[in-house]
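Counting starts at 1 for both ligands and their atoms, in listed order. Here the structure is a predicted model, which is why all the values come from computation and not from measurement.
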Amino acid sequence: MQILDGKALSLKIREEVKKEVEELKTNGITPGLAVILVGNDPASQTYVKMKAKACKMTGIYSITHEMPEDISEEEIIETIEMMNKNPNIDGILVQLPLPKHIDTTKILEVIDPKKDVDGFHPYNFGRLNQGLDSFVPCTPLGVMELLKEYNIDVKGLNACVVGASNIVGKPMAALLLNSFATVDICHIYTKDLKSHTKRADLLVVGVGKPNLITEDMVKDGAIVIDIGINKVDDKIIGDVDFENVSKKASFITPVPGGVGPMTIAMLLKNTLKAAKNER
Ligand code: GUN
């Protein structure tokens with residue numbers, strides 16, 4: 001069994017991005033990212049702080065617009081429209097989830113697709129599904145980079161994606177399909193989850209349920225990617241029972257130190273891509 005070390009790869013990518021940012025700066029261009037954070041969700045606050053810190057360390061300019069929980073849709077939209085027009089801002093990210101009274105789709109559709117570094121705009125998601133160049137959501141993009149780093153070719157593999165969210169599961173499945181894997185997508189209404197996971201050469205899990213995937217659900221020699229981040233008794237664990245599943249897997253991502261750090265590295269990469277495309 002080999003560990004897929006997302007921490008190490010993310011540091012390498014961050015160094016590469018940093019170098020490219022320095023080059024852009026010598027040409028008078030400083031990549032800029034605007035982050036919109038609504039409300040007081042502690043996890044979202046932590047993620048946004050991590051993103052801002054990563055930008056700073058890479059030389060990317062970033063600004064966080066913090067808004068109260070009871071803010072109106074119109075005010076969020078006005079801020080996004082301002083960022084769409086701002087030539088110093090290349091990327092715009094709205095941290096999810098948004099409060100219940102806000103229509104998330106309506107908000108995401110206001111972001112200029114050329115600045116949509118999270119790849120959540122239906123324009124980018126549509127292009128991704130057609131196999132065209134687009135902004136790709138950072139977490140699934142990070143998974144693909146990790147597989148590439150370890151020379152894992154997914155072509156022809158039976159892949160099983162557990163979780164069908166717009167930000168992880170669906171784009172993950174699209175990326176794997178674009179790379180010619182045979183993709184099974186499982187979700188909360190899937191009957192007999194084990195019958196799907198057991199057949200998978202590549203199992204990707206992003207649900208948010210600690211220990212959802214146990215050893216008996218995994219094929220011998222499978223590649224196992226754990227996207228879950230769950231806080232249990234002040235410890236961060238994934239969706240996979242790492243201790244037992246790792247005995248069966250050929251490759252596996254740890255939590256923490258697997259996919260998590262890759263997500264932030266991909267955000268930096270996407271912001272750099274936006275800065276290069278736009279100017
Ligand atoms: N909430 C959970 N994951 C993400 C992410 O990758 N981007 C944004 N904007 N919000 C999230």
Side-chain angles (χ1 to χ4, degrees), residues 6 10 13 32-55 60 62-67 69 71 76-77 79-80 83-84 89-100 102-113 115-125 128 134-146 161 163-175 204-209 225-231 236 238-239 253 255-256 258-271 273-274:
S10 74
I13 292 169
L33 174 70
V35 178
I36 294 169
L37 172 63
V38 184
N40 309 309
D41 178 58
S44 290
Q45 285 173 333
T46 305
Y47 291 137
V48 164
K49 271 193 202 134
M50 286 163 72
K51 290 172 186 180
K53 191 176 162 199
C55 283
I60 293 173
S62 86
I63 179 163
T64 302
H65 294 270
E66 288 187 46
M67 298 178 169
E69 184 84 21
I71 196 147
I76 304 175
I77 288 172
T79 305
I80 295 173
M83 296 297 121
N84 280 344
I89 295 299
D90 301 288
I92 303 170
L93 177 160
V94 178
Q95 187 64 31
L96 302 180
L98 290 169
K100 285 202 173 59
I102 306 284
D103 180 346
T104 301
T105 305
K106 197 169 157 188
I107 297 297
L108 294 177
E109 284 189 323
V110 177
I111 299 172
D112 179 345
K115 298 192 177 190
D116 176 32
V117 286
D118 253 337
F120 294 166
H121 192 293
Y123 173 85
N124 280 311
F125 188 55
L128 170 64
S134 66
F135 282 108
V136 177
C138 303
T139 299
L141 183 60
V143 171
M144 296 309 284
E145 286 276 325
L146 200 49
V161 177
S165 67
N166 286 338
I167 67 177
V168 175
K170 285 183 200 164
M172 186 75 250
L175 285 166
V204 185
V205 191
V207 173
K209 256 193 176 179
I225 308 287
D226 189 352
I227 299 176
I229 300 179
N230 308 293
K231 204 168 180 182
I236 301 291
D239 292 349
T253 58
V255 177
V259 178
M262 290 301 296
T263 297
I264 294 193
M266 293 302 106
L267 174 64
L268 302 172
K269 232 179 153 170
N270 280 350
T271 304
K273 175 183 162 105

Distance-only N or O hit between ligand 1 and Pro97, under 3.5 Å =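 For ligand 1, there is no N or O atom that lies under 3.5 Å from one belonging to Pro97.
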ask   = Are any of the N/O atoms in Thr139 less than 3.5 Å from those in ligand 1?
value =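 Among all N and O atoms of Thr139, none is under 3.5 Å from an N or O of ligand 1.
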Contacting atoms of ligand 1, where contact means under 4.0 angstrom from a heavy atom of [X]:
X	answer
Val94	8 (C), 9 (N)
Lys51	7 (N), 8 (C)
Gln95	1 (N), 8 (C), 9 (N), 10 (N), 11 (C)
Ile167	2 (C), 3 (N), 4 (C)

inquiry  = For Tyr47, which part has a heavy atom under 4.0 Å from ligand 1: side chain, backbone, both, or neither?
reply    =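 No part of Tyr47 is near ligand 1 at this cut-off.
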message = Checking contacts here: is it the side chain or the backbone of Leu93 that comes within 4.0 Å of ligand 1, counting heavy atoms only? Could be both or neither.
response =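 Side chain only; the backbone of Leu93 stays clear of ligand 1.
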query = What is the closest protein heavy atom to atom 1 (N) of ligand 1, and at what distance does it sit?
reply =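 Among all protein heavy atoms, the one nearest atom 1 (N) of ligand 1 is Leu96 O, 2.9 Å.
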task = Name the closest protein heavy atom to atom 7 (N) of ligand 1, giving the residue it belongs to and the distance to 0.1 Å.
result =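 So the nearest neighbour among protein heavy atoms is Asp118 OD2, 3.2 Å.
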Looking only at heavy atoms, which two atoms of [X] and [Y] are closest? And how far apart?
X	Y	result
Asn124	Phe135	OD1-N, 3.3 Å
Lys115	Ile89	NZ-O, 2.7 Å
Met266	Leu141	SD-CG, 3.7 Å
Gly208	Asp239	N-OD2, 2.8 Å

inquiry  = Between Thr263 (side chain only) and Cys138 (backbone N and O only), is there a donor and an acceptor less than 3.5 Å apart?
reply    =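 Pair absent, no side-chain N/O of Thr263 close to backbone of Cys138.
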ask   = Do Met67 and Thr79 come within less than 4.5 Å of each other through their side chains, counting heavy atoms only?
value =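 Of all side-chain heavy-atom pairs linking Thr79 with Met67, at least one is under 4.5 Å.
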ask   = Should we count CE of Met50 as having more than 12 external heavy atoms under 6.0 Å?
value =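 No, the 6.0 Å shell around CE holds no more than 12 heavy atoms from other groups.
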